[in-house]
Amino acid sequence: MAEQSAPTLAQKLSAEFLGTFILVFTVIGAALFAAGFGNGEGGFNVGFLGVALALGFGVLASAYAFGGISGGHFNPAVTVGLATAGRFAWSGVLPYVVAQALGAVAGAAVLWTLKGFDGSAFVGASTGYGELSPAGFDLGSAFLIETVATAVFVLIILGVTGARGAGNLAPIAIGLTLSALAIVAIPVSNASFNPARSLGTAVFAGGAAMEQLWLSVAAPVLGAVIAALVTRLVLEPARKG
């Protein structure tokens with residue numbers, strides 16, 4: 001059997017674009033169309049639990065489909081975290097982040113079209129605090145939950161994909177972790193843990209969503225760096241020599 005060649009940069013960036021597209025399309029689509037369907041009459045709406053599951057399932061499926069090509073980041077914070085942990089080259093961070101951002105905006109654009117080009121529909125799916133927090137949490141709470149949840153998420157990624165990790169079962173652990181964290185965080189911040197996902201909704205929501213976008217960049221990146229440092233300094237075995 002012929003040995004497969006390593007993926008090209010174009011293939012890796014395409015995989016990151018597609019994976020992030022699917023992530024945003026599934027989770028924001030669930031939030032826009034299914035979370036409150038029919039105001040709950042008939043039991044057809046999925047609520048925030050369904051949105052959390054859509055997020056985890058979307059990432060799980062994309063990780064299996066594209067992880068072997070690009071590593072399956074689909075999230076700028078994850079990319080920065082992996083680079084900080086020494087698992088990814090810093091030279092690849094910017095191209096990956098650009099591909100992820102474009103994928104997120106493209107996924108949101110399809111939903112925007114389905115919503116009749118109504119940007120106001122995206123306000124309720126945007127990440128933030130105050131008026132953007134489903135339960136009205138303040139800036140400090142939103143920043144804390146996005147930081148801590150992202151740190152836990154990246155810590156799990158680094159653990160299950162490491163030398164002593166879960167191998168082919170890693171995407172399952174990653175997807176389930178993301179759903180579990182979203183269940184906790186949706187009432188607080190709308191649960192992003194992903195600057196690209198937040199950008200996708202903010203572009204069409206405008207207003208407060210764009211003004212608060214910095215939170216969805218700073219907090220997840222901080223959390224990812226914390227997770228990477230914990231992994232390198234505490235969890236990984238000391239290197240000899």
Exercise. Should L102 and V78 be regarded as members of a common hydrophobic cluster, given that ILVMFWY residues are connected when their side-chain heavy atoms come within less than 4.5 Å of each other, either directly or indirectly?
Worked result: yes
Problem set entry | Within one Ile-Leu-Val-Met-Phe-Trp-Tyr cluster: V188 and V51, side-chain cutoff 4.5 Å | no
Report, one line per pair, each donor and acceptor closer than 3.5 Å where one atom sits in a side chain of residues 80-99; sequence neighbours left out.
from : atom 1 : to   : atom 2 : distance (Å)
T84  : OG1    : V80  : O      : 2.8
R87  : NH1    : L158 : O      : 3.3
R87  : NH1    : T161 : OG1    : 3.4
R87  : NH2    : L158 : O      : 3.0
Y96  : OH     : S70  : O      : 2.8

Problem set entry | K12 side, atom NZ; L9 side, atom CG - distance, nearest 0.5 Å | 7.0 Å
Problem set entry | side-chain contact (heavy atoms from CB on, under 4.5 Å) assessment of R197 paired with I28 | CA-CA 9 Å; R197 168 259 189 261; I28 304 304; 3.6 Å; yes
Exercise. Using the benzene-type ring in the case of Trp, are the ring centres of W112 and F117 under 6.0 Å apart?
Worked result: yes
Exercise. What pairs with T147 under side chain to side chain donor-acceptor pair (under 3.5 Å), at least two apart in sequence or on another chain?
Worked result: none
Exercise. Can the ring centres of Y129 and F137 be said to be less than 6.0 Å apart?
Worked result: no
Exercise. Mind checking whether L215 and L132 sit in one hydrophobic cluster, side chains of I, L, V, M, F, W, Y counted as touching below 4.5 Å?
Worked result: no
Exercise. Taking N190 for the side chain and P134 for the main chain, is one N or O donor matched with an acceptor at less than 3.5 Å?
Worked result: no
Exercise. Would you say T201 and L111 make side-chain contact, with heavy atoms under 4.5 Å?
Worked result: no
Seminar exercise, completed: The reported gap from OG1 in T79 to NE2 in H73 (rounded to nearest 0.5 angstrom) is 5.0 Å
For this session: To the nearest 0.5 angstrom, please state how far the OG atom of S133 sits from the CD1 atom of I186.
Result: 11.5 Å
Seminar exercise, completed: Closest heavy-atom pair, S189 versus T127, reported as atoms and distance to 0.1 Å, is O-CG2, 3.1 Å
Exercise. What are the two closest heavy atoms between M210 and V203, and how far apart are they?
Worked result: SD-N, 3.9 Å
Problem set entry | Non-hydrogen atoms of N75 and Q100 that approach each other most closely | C-OE1, 3.3 Å
For this session: Can you establish whether the number of heavy atoms outside F25 located under 6.0 Å from its atom CZ is more than 12?
Result: no
For this session: Give every residue pair that meets the side-chain hydrogen bond (donor to acceptor under 3.5 Å, both in side chains) criterion with at least one member in residues 207-217, sequence neighbours excluded.
Result: S198-S216
Problem set entry | Minimum-distance pair of heavy atoms, taken over all atoms of F153 and I174 | CE1-CG2, 3.5 Å
Exercise. Looking at side-chain heavy atoms only, is the closest gap between F74 and F66 below 4.5 Å?
Worked result: yes
Exercise. Under a 4.5 Å cut-off applied to non-hydrogen side-chain atoms, are F204 and D118 in contact?
Worked result: no
Exercise. Which pair of non-hydrogen atoms, one from L178 and one from F193, has the smallest distance, and what is that distance?
Worked result: CD1-CD1, 3.6 Å
For this session: Take L155 and L235, measure what side-chain contact (heavy atoms from CB on, under 4.5 Å) needs, and give me the verdict at the end.
Result: CA-CA 10 Å; L155 196 63; L235 300 180; 3.8 Å; yes
Problem set entry | Polar side-chain atom of T26 near backbone of L23 as donor-acceptor pair, under 3.5 Å | yes
Problem set entry | Single-linkage hydrophobic cluster, 4.5 Å side-chain cutoff, I183 and L53 together | yes
For this session: Please round to the nearest 0.5 Å and tell me the distance separating atom CD1 of I22 and atom CG of L60.
Result: 12.0 Å
Exercise. What distance do N194 atom CG and T20 atom OG1 have between them, rounded to the nearest 0.5 Å?
Worked result: 7.0 Å
Exercise. Are the side chain of E146 and the backbone of S192 linked by a donor-acceptor contact shorter than 3.5 Å?
Worked result: yes
Seminar exercise, completed: Of all heavy-atom pairs linking A142 and G128, the shortest is CB-O, 3.8 Å
Problem set entry | ILVMFWY cluster, F57 and L169 together (side-chain gap under 4.5 Å) | no
